[in-house]
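Structure, as structure tokens:
Each chain gets a letter, A, B and so on, in the order the sequences are listed, and its residues count up from 1. As the structure is a prediction and not an experimental result, all values here were calculated from the model.
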Number of protein chains: 2
Amino acid sequence: MDAEAIKRSLEGSGLRCTPQRYAVMAFLMEHTRHPTAAEIFEAVNRVDPRSSRATTYNNLRDLVQAGLVREVAVEGRAARFDAKGMRHHHFICDRCGNVEDMEWYDVPRPPSRALGKRILRECELIFRGHCTKCAPRHASR
Amino acid sequence: MDAEAIKRSLEGSGLRCTPQRYAVMAFLMEHTRHPTAAEIFEAVNRVDPRSSRATTYNNLRDLVQAGLVREVAVEGRAARFDAKGMRHHHFICDRCGNVEDMEWYDVPRPPSRALGKRILRECELIFRGHCTKCAPRHASR
DNA sequence: TGAACGATTTAGATTATATCTAATGTGATA
DNA sequence: TATCACATTAGATATAATCTAAATCGTTCA
């Protein structure tokens, strides 16, 4: 993990590199398991207890707005966060709610007829089903 | 709106056609604007005030499980619901959070190498950007 | 240096969303 | 009619996220 690189990417997006913001970003880069805000808050605070819940949420919001982090909404569960490294799609497990990365491949754009006057920022492909852990228990429930 | 058809589709999925459940389903079929649970509860109750919040949520859960309704999670906002009629994709507005239907087209499946031991149920394509209403105000954040 | 100002952080309250509980009601069937 | 599973209810509770107002930090620049 290159501390300098994190600092540069924060500042390149017009965000100061504060200790709390750095900690959130570094945690997301080390943990690609798509943690929730609560998990990030807890983990960051365990290392250095000078950080409040509000700051974690504020920083996550800022990082998402800056385009450095992606937020993934999951039905009925807390949102999950993901440092944008390599491009990838997401697989969401119906059963345990975990979010996993899926190899990237190009998605066909919608025909402009369908788009109308809307302005498209991105296309996202979400796969749903049972993850490797939950697949064997597929029948139950 | 064919009341008999709704009744049949509920019963075909093993769900009793109760007045409350019928009302939720009928409302979703009439309103394709992807209402939130709170909006559905309010609307259904305005017509016939014998319905509780819990029942609305229970029925939405049952309808989603039965595959008659789709739930769309939106970051930072309440989930939205959508009777599954014609197949379609979704466009979510970054600005106002509204969910709109987009003409359906086939999505390439992931290579089985990427899928591994996961069991795929569905692929969902989500477009993001600014909707027709919000596009003109594009500059102002 | 230090005054000033905007950005950031904080603890805790608040809001928003969704689920749970325990009691009650309903309808099909025997 | 008695029974049983399914449904519903009001309100409490849980969970997720945001807001508030005060304090602090960093940077700029006189």
* A:D62 CG - D:dT18 C1' separation (whole Å) -> 14 Å
* **Nucleotide C:dG25, atom P - distance to CD of B:Q20 in whole Å** => 14 Å
* Structure fact -> Here the distance between atom P of D:dT15 and atom CZ of A:R80, to the nearest Å, is 15 Å
* Is any side-chain N or O of A:T18 closer than 4.0 Å to OP1 or OP2 of D:dG26? -> no
Which protein N or O atoms sit under 3.5 Å from an N or O of nucleotides 18-24 of chain C?
from   : atom 1 : to    : atom 2 : distance (Å)
C:dA18 : OP1    : B:A79 : N      : 3.2
C:dA18 : OP2    : B:Y57 : OH     : 3.1

* Within 6.0 Å of CZ in B:R77, more than 12 heavy atoms from elsewhere -> yes
* Report yes if at least one side-chain N or O of B:S52 is closer than 4.0 Å to OP1 or OP2 of D:dT9; otherwise report no. => yes
For residues 121-128 of chain A, tabulate all N or O donor-acceptor pairs below 3.5 Å that involve a side-chain atom, not counting sequence neighbours.
from   : atom 1 : to     : atom 2 : distance (Å)
A:R121 : NE     : B:D94  : OD2    : 2.7
A:R121 : NH2    : B:D94  : OD1    : 3.0
A:R121 : NH2    : B:D94  : OD2    : 3.4
A:E122 : OE2    : A:R70  : NH1    : 3.4
A:E124 : OE1    : B:R128 : NE     : 2.7
A:E124 : OE1    : B:R128 : NH2    : 3.1
A:R128 : NE     : B:E124 : OE1    : 2.7
A:R128 : NH1    : A:E75  : OE1    : 3.1
A:R128 : NH1    : A:E75  : OE2    : 3.1
A:R128 : NH2    : A:E75  : OE2    : 2.9
A:R128 : NH2    : B:E124 : OE1    : 3.2

* Separation of B:E75 atom CD from D:dA17 atom C1', in whole Å? -> 14 Å
* Grab the CD-C1' distance between B:E42 and C:dA16 for me, whole Å please. => 15 Å
* Asked: For A:L15 and A:L63, what are the C-alpha separation, side-chain angles and deciding distance, and is it a side-chain contact (heavy atoms from CB on, under 4.5 Å)?
  -> CA-CA 8 Å; A:L15 297 172; A:L63 292 168; 4.0 Å; yes
* To do: Show your working on side-chain contact (heavy atoms from CB on, under 4.5 Å) between A:I92 and A:N98 and close with a plain yes or no.
  => CA-CA 6 Å; A:I92 303 181; A:N98 281 341; over 6 Å; no
* Asked: Is B:T55 near enough to D:dT9 that one of its side-chain N or O atoms lies under 4.0 angstrom from OP1 or OP2?
  -> yes
* Rounding to a whole Å, what distance do you find between A:F41:CZ and D:dA17:C1'? -> 13 Å
* Could you state the CZ-C1' distance from A:R50 to C:dT10, rounded to the nearest angstrom? -> 12 Å
* Hey, is the main chain of A:R118 close enough, under 3.5 Å, to the side chain of B:H130 for a donor-acceptor pair? -> no
* Asked: D:dA5 P sits how many Å from B:L15 CG, rounded?
  -> 18 Å
* Does the pair A:R21 and A:N58 meet the rule for a side-chain contact (heavy atoms from CB on, under 4.5 Å), with working shown? -> CA-CA 9 Å; A:R21 191 171 284 151; A:N58 286 344; over 6 Å; no
* At their closest point, which heavy atom of A:P108 faces which heavy atom of B:Y105, and how far apart are they? -> O-OH, 2.7 Å
* Is there a side-chain contact between A:F81 and A:H34, using heavy atoms and a 4.5 Å cut-off? -> no
* Asked: Would A:R61 and A:E71 pass as an ion pair if we require N to O under 4.0 Å?
  -> no
Please enumerate all protein N or O atoms sitting under 3.5 Å from an N or O of nucleotides 26-30 of chain C, with distances to 0.1 Å.
none

